[in-house]
Amino acid sequence: MSSFTAFDRIPRERLPALLAAMPKAELHLHIEGSLEPELIFALAQRNGVALPYASVEALRAAYAFTDLQSFLDIYYAGASVLLKEQDFFDMAWAYLQRAAADNVLHAEIFFDPQTHTARGVPLLAVIQGLEHACRRAHQELGVSAKLILCFLRHLSEDEAMATLDEALPHKHHFIGVGLDSSERGHPPEKFARVFAKARAAGLHLVAHAGEEGPPEYVKSALDVLHVERIDHGVRSLEDPALVRRLAAEGMALTVCPLSNVKLRVFDTMAQHNLPALLAAGLKATINSDDPAYFGGYVNRNFVETFAALPQLGAREAYALARNSFEASFADAAAKARWIAALDRAFEEAAV
Ligand code: ADE
Ligand code: ZN
């Protein structure tokens with residue numbers, strides 16, 4: 001596989017434009033977290049749902065988070081306006097257009113079915129609305145888009161199992177399962193049986209671990225759930241043996257820098273440990289998590305992260321984008337095509 005190496009031919013002032021223009025994959029994006037306040041209000045009106053906020057501005061003003069739970073409370077309230085298949089289509093289509101504008105060639109999109117089925121929304125309305133947007137994105141935007149069904153870890157394993165059982169007849173519409181929501185107090189092993197069943201069904205496996213939770217949760221996501229990627233994983237750095245293991249196994253971490261600052265995992269972007277993760281040889285990627293809530297889509301994450309961390313240059317930009325393709329669940333031919341496009345973008349930026 002070809003590989004760009006002439007990083008010293010890319011001046012630092014070209015970095016912001018290159019970060020935006022380079023092809024990339026997004027591997028950690030909650031579709032409910034892409035719901036912009038304007039769309040929340042439009043859907044609330046369309047569906048006759050009352051919101052506890054008087055205006056778009058009042059809702060946006062509530063986006064001042066102190067930790068993961070303070071965000072999740074507002075995020076689940078925002079998702080309450082989603083009722084019909086068309087709503088799920090509209091939300092995903094809006095995201096995919098923004099992703100295309102950020103030169104995302106491939107997106108693996110999380111969705112939280114339990115947030116919706118608990119309100120009486122049929123699972124199929126959720127899946128079909130999202131899938132329709134993914135299909136249209138491929139046809140009209142040239143963006144490859146796949147779905148990953150996430151279980152809410154603050155709910156019981158039985159509820160996750162019931163969700164999996166209901167979804168399995170439709171598994172041709174999603175490529176894997178994940179684990180999200182409140183991390184502390186809900187270790188991965190709580191969902192061992194559910195992940196074993198998903199694995200037996202041939203689905204890919206990922207889990208949030210080491211966002212707010214300890215490095216032990218990263219280990220149990222690997223050893224008990226057998227995940228193929230760790231979502232976040234930034235607290236892995238507290239355990240040197242775990243870091244060595246992640247590096248040796250080439251295990252990808254889907255890091256979300258703006259999310260980590262908004263949810264106070266790091267006080268400032270300048271304190272983010274992404275440079276240390278890369279220096280330790282970890283296969284890190286940059287993603288937006290919940291872009292409507294955290295101040296920006298994937299390109300904004302790249303640009304703000306690189307602006308705050310002078311250790312990050314063209315070499316790291318290339319590594320992060322390349323990692324995003326390599327860590328995706330796409331086939332080898334697609335990965336090779338995307339990496340060739342990445343190499344071309346870097347050749348064009350070199351002087
Ligand atoms: N659901 C949406 N965003 C999340 C995050 N950052 N962590 C856990 N669950 C989430
Ligand atoms: Zn997340």
Side-chain angles (χ1 to χ4, degrees), residues 25-36 40 62-80 82 88 91-92 95 99 107-116 118 126 130 147-155 159-160 163 176-188 190-191 204-214 217-218 221 225 227-236 252-266 272 274 284-298 300-301 305 324 327:
E26 176 144 66
L27 305 179
H28 185 157
L29 176 283
H30 302 265
I31 199 62
E32 294 89 350
S34 74
L35 204 47
E36 293 286 345
I40 291 178
Y63 292 0
F65 311 117
T66 50
D67 60 7
L68 176 58
Q69 193 59 50
S70 68
F71 155 69
L72 290 170
D73 294 342
I74 287 190
Y75 162 85
Y76 294 130
S80 70
L82 296 158
F88 291 91
M91 170 172 66
Y95 162 70
E108 295 181 5
I109 298 173
F110 297 151
F111 68 108
D112 289 340
Q114 290 162 290
T115 300
H116 314 299
V126 179
L130 298 176
L147 298 172
I148 294 178
L149 182 158
C150 288
F151 304 109
L152 298 180
R153 70 201 302 158
H154 68 274
L155 300 178
E159 286 166 287
T163 301
V177 301
L179 187 62
D180 63 6
S181 191
S182 322
E183 186 181 8
R184 285 197 186 114
H186 302 284
K190 179 175 164 186
F191 297 92
H204 288 293
L205 309 178
V206 299
H208 284 53
E211 178 187 17
E212 281 191 344
Y217 284 18
V218 176
L225 302 187
V227 298
E228 300 160 82
R229 290 196 302 250
I230 296 288
D231 295 315
H232 294 293
V234 291
R235 287 197 58 195
S236 302
L253 306 184
T254 61
V255 178
C256 305
L258 281 173
S259 165
N260 292 154
V261 174
K262 290 282 182 203
L263 302 187
R264 312 299 305 273
V265 174
F266 299 98
H272 200 287
L274 181 64
T285 62
I286 283 188
N287 308 269
S288 67
D289 206 6
D290 300 284
Y293 292 90
F294 298 150
Y297 289 75
V298 68
R300 183 88 178 252
N301 272 271
T305 304
S324 75

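Order of listing sets the numbers, starting from 1, for every ligand and every atom in it.
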Undergrad: Has the side chain of K262 got a donor or acceptor atom that lies under 3.5 Å from a matching backbone atom of F65?
TA: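 No.
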Undergrad: What are the atoms of ligand 1, with element, lying closer than 4.0 Å to any heavy atom of F71?
TA: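 Ligand 1 atoms under the 4.0 Å threshold to F71: 2 (C), 3 (N).
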Undergrad: So which heavy atom in the protein is nearest atom 1 (N) of ligand 1, and how far is it from that ligand atom?
TA: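 Answer, as residue, atom name and distance: H30 CE1, 3.5 Å.
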Undergrad: Of all the heavy atoms in E212, does at least one lie under 4.0 Å from an atom in ligand 1?
TA: no
Undergrad: Under the ring pair (Phe, Tyr, Trp, His ring centres under 6.0 Å) rule, what do F71 and F294 come out as? Steps first, then yes or no, please.
TA: CA-CA 10 Å; F71 155 69; F294 298 150; 4.7 Å; yes
Undergrad: Do you see an N/O/S atom of H232, backbone or side chain, under 2.8 Å from the Zn ion (ligand 2)?
TA: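 No, since none of the N, O or S atoms of H232 sits under 2.8 Å from the Zn ion (ligand 2).
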Undergrad: Report yes if the side chains of I109 and E26 come closer than 4.5 Å at any heavy-atom pair, otherwise no.
TA: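 SC-SC contact between I109 and E26 ruled out.
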Undergrad: Considering both backbone and side-chain atoms of H28, is one of its nitrogen or oxygen atoms within less than 3.5 Å of a nitrogen or oxygen in ligand 1?
TA: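 The answer is no, given that H28 and ligand 1 share no N or O pair closer than 3.5 Å.
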Undergrad: Checking a contact table here: which protein heavy atom is nearest atom 6 (N) of ligand 1, and how many Å away?
TA: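 Sorting protein heavy atoms by distance from atom 6 (N) of ligand 1 puts D289 OD2, 2.7 Å first.
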Undergrad: Under 3.5 Å, is there a donor on one side chain and an acceptor on the other for D290 and H30?
TA: no
Undergrad: Salt bridge check: are E211 and R184 linked by an N-O gap of less than 4.0 Å?
TA: no
Undergrad: Taking only non-hydrogen atoms of S181, do any sit less than 4.0 angstrom from ligand 1?
TA: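 Right, S181 reaches ligand 1.
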Undergrad: Which ligand 1 atoms are under 4.0 Å away from a heavy-atom of H232?
TA: 6 (N)
Undergrad: Could you grab the angle centred on the Zn ion (ligand 2), going from OD1 in D289 to NE2 in H208, to 10°?
TA: 170°
Undergrad: Which class fits the ring pair H208 and F110: parallel under 30°, tilted 30 to 60°, perpendicular over 60°?
TA: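 Because their plane-to-plane angle lies in the 30° to 60° range, the rings of H208 and F110 count as tilted.
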Undergrad: Is the distance between the Zn ion (ligand 2) and the nearest N/O/S atom of H30 smaller than 2.8 Å?
TA: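 True for H30.
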Undergrad: Starting from atom 7 (N) of ligand 1, locate the nearest protein heavy atom and write down its residue, its atom name and how far away it is, to 0.1 Å.
TA: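 The closest one turns out to be E211 OE1, 2.8 Å.
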Undergrad: Need the ligand 1 atom indices (1-based, order shown) with element for anything under 4.0 Å from a heavy-atom of L72.
TA: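 Here the atoms of ligand 1 in question are 1 (N), 10 (C).
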Undergrad: Taking it one step at a time, do D112 and Y75 satisfy side-chain hydrogen bond (donor to acceptor under 3.5 Å, both in side chains)?
TA: CA-CA 11 Å; D112 289 340; Y75 162 85; 2.8 Å; yes
Undergrad: Select the closest option to atom 3 (N) of ligand 1 among L179, D180, D290, D112, judged by heavy-atom distance.
TA: D290
Undergrad: Quick one: do H116 and F88 satisfy ring pair (Phe, Tyr, Trp, His ring centres under 6.0 Å)? Show the steps, please.
TA: CA-CA 10 Å; H116 314 299; F88 291 91; 4.8 Å; yes
Undergrad: Does the side chain of S34 come under 3.5 Å of the side chain of Y297 through a donor N or O and an acceptor N or O?
TA: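 No, because no side-chain N or O of S34 sits under 3.5 Å from a partner of the opposite role on Y297.
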